[in-house]
Amino acid sequence: MIGIYNYTVVLTYISYFAGFFGIYFAIHDHPTAAILCLMFCGVCDMFDGKIARTKKNKTEEEKKFGIQIDSLCDLVCFGILPVFIGYAIGMQELYYVPILLFFPLAALIRLAYFNVKEFDRVKTEDKDLIFCIGLPVTPVAILLPVIYLARTFLDHFFVFVFAAVLLVISILFLVPFKLKKFTTKKLLILIGIGLICTIVMWVFR
């Protein structure tokens with residue numbers, strides 16, 4: 001079969017399945033389960049690149065495939081799943097449609113731009129980027145669950161706030177500011193926050 005199926009891409013494929021099930025749960029009016037899937041996708045994305053870099057004898061084809069498959073998976077998990085969650089929690093009025101359209105488009109453009117830059121980078125080095133341009137898509141897996149947890153306090157404003165956050169994130173995907181990438185320590189802190197969010201949502205579901 002065409003494609004690459006070694007251990008370097010397994011976590012990416014798992015993340016894709018989680019994103020698919022998140023969309024499934026959102027369609028069937030289970031936004032909490034969809035949010036949990038989004039968070040799981042975020043955890044997978046934090047480590048798939050680190051796992052991929054443990055293979056030292058990668059061919060050029062494997063490197064290029066890894067870049068493409070990671071971004072395509074990210075589009076599903078962090079570009080498309082969030083708008084399904086938004087629709088499931090109440091973004092169903094006509095005036096929300098522009099945001100539902102703009103968010104995945106902004107994620108698509110941001111990921112395509114990253115791919116172009118990443119192709120140039122891997123020709124000369126094989127290290128982690130220290131800085132990235134624009135907001136990466138992965139933080140969506142933390143930002144949206146935090147807003148979702150606040151739904152009780154936001155009450156009738158929850159859907160409006162969720163939509164506003166989606167719009168702001170969409171813009172940040174495209175604004176060319178320089179952002180320092182998270183260290184492993186910061187990633188672990190984010191995972192801890194994710195676990196706390198998971199427990200809270202499970203208890204108060």
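Residues: numbered from 1 along the sequence shown. The structure presented is a predicted model; accordingly, all values stated were derived computationally and were not measured.
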So CD1 of Ile89 and CG of Asp29: to nearest 0.5 Å the spacing works out to 11.0 Å
For atom OH of Tyr87, is the number of surrounding heavy atoms from other residues, nucleotides or ligands below 6.0 Å larger than 12?
-> no
Looking only at heavy atoms, which two atoms of Val137 and Phe173 are closest? And how far apart?
-> CA-CE2, 3.7 Å
Pairs under 3.5 angstrom only: tabulate donor-acceptor contacts from the side chains of residues 1-21 to other protein residues two or more places apart or in another chain.
| residue | atom | partner | partner atom | Å |
| --- | --- | --- | --- | --- |
| Tyr5 | OH | Ile2 | O | 2.6 |
| Asn6 | OD1 | Thr8 | N | 3.0 |
| Asn6 | OD1 | Thr8 | OG1 | 2.3 |
| Asn6 | ND2 | Glu62 | OE2 | 3.2 |
| Tyr7 | OH | Thr54 | OG1 | 3.0 |
| Tyr7 | OH | Lys55 | N | 3.3 |
| Thr12 | OG1 | Asp48 | OD2 | 3.3 |
| Tyr13 | OH | Ile4 | O | 2.8 |

Rounded to the nearest 0.5 Å, what's the gap from CD1 on Ile80 to CG on Asp74? Could you check?
-> 11.5 Å
Going from CG on Leu81 to CZ on Phe25, what distance comes out if it is rounded to the nearest 0.5 angstrom?
-> 11.0 Å
Roughly how far apart are Leu149 CG and Thr32 OG1, rounded to 0.5 Å?
-> 9.0 Å
Should Val97 and Val161 be regarded as members of a common hydrophobic cluster, given that ILVMFWY residues are connected when their side-chain heavy atoms come within less than 4.5 Å of each other, either directly or indirectly?
-> no
Pairs flagged by side-chain hydrogen bond (donor to acceptor under 3.5 Å, both in side chains) wherever residues 91-109 is involved - sequence neighbours left out = none
Spacing of Ile35 atom CD1 and Ile85 atom CD1 [to the nearest 0.5 Å] = 4.0 Å
Assess whether side chain to side chain contact (heavy atoms under 4.5 Å, CB included) is satisfied between Leu36 and Met39, documenting all intermediate values.
-> CA-CA 5 Å; Leu36 292 175; Met39 292 166 57; 4.3 Å; yes
Cluster link Phe153 to Leu144, ILVMFWY, side chain under 4.5 Å | no
Could you tell me the separation between the SG atom of Cys37 and the CZ atom of Phe40, rounded to the nearest 0.5 Å?
-> 9.0 Å
Name every donor-acceptor pair, under 3.5 Å, that has one atom in a side chain of residues 101-111 and the other anywhere in the protein, sequence neighbours excluded.
| residue | atom | partner | partner atom | Å |
| --- | --- | --- | --- | --- |
| Arg110 | NE | Leu135 | O | 3.1 |
| Arg110 | NH2 | Ile133 | O | 3.2 |

When every non-hydrogen atom of Leu166 is compared with those of Pro82, the smallest separation belongs to CD2-CB, 4.3 Å
Do the non-hydrogen side-chain atoms of Ile147 and Phe158 ever get within less than 4.5 Å of each other?
-> yes
Any idea which heavy atoms bring Asn115 and Ser71 closest together, and the distance?
-> OD1-OG, 2.6 Å
hydrophobic_cluster_shared for Phe84 and Leu72, side chain cutoff 4.5 Å = no
Minimal non-hydrogen separation, Leu172 against Phe177, with atom names | O-CE2, 3.6 Å
For Tyr148 and Pro31 the tightest heavy-atom approach is OH-CG, 3.6 Å
Main-chain N/O of Ala26 paired to His30 side chain as donor or acceptor, under 3.5 Å | no
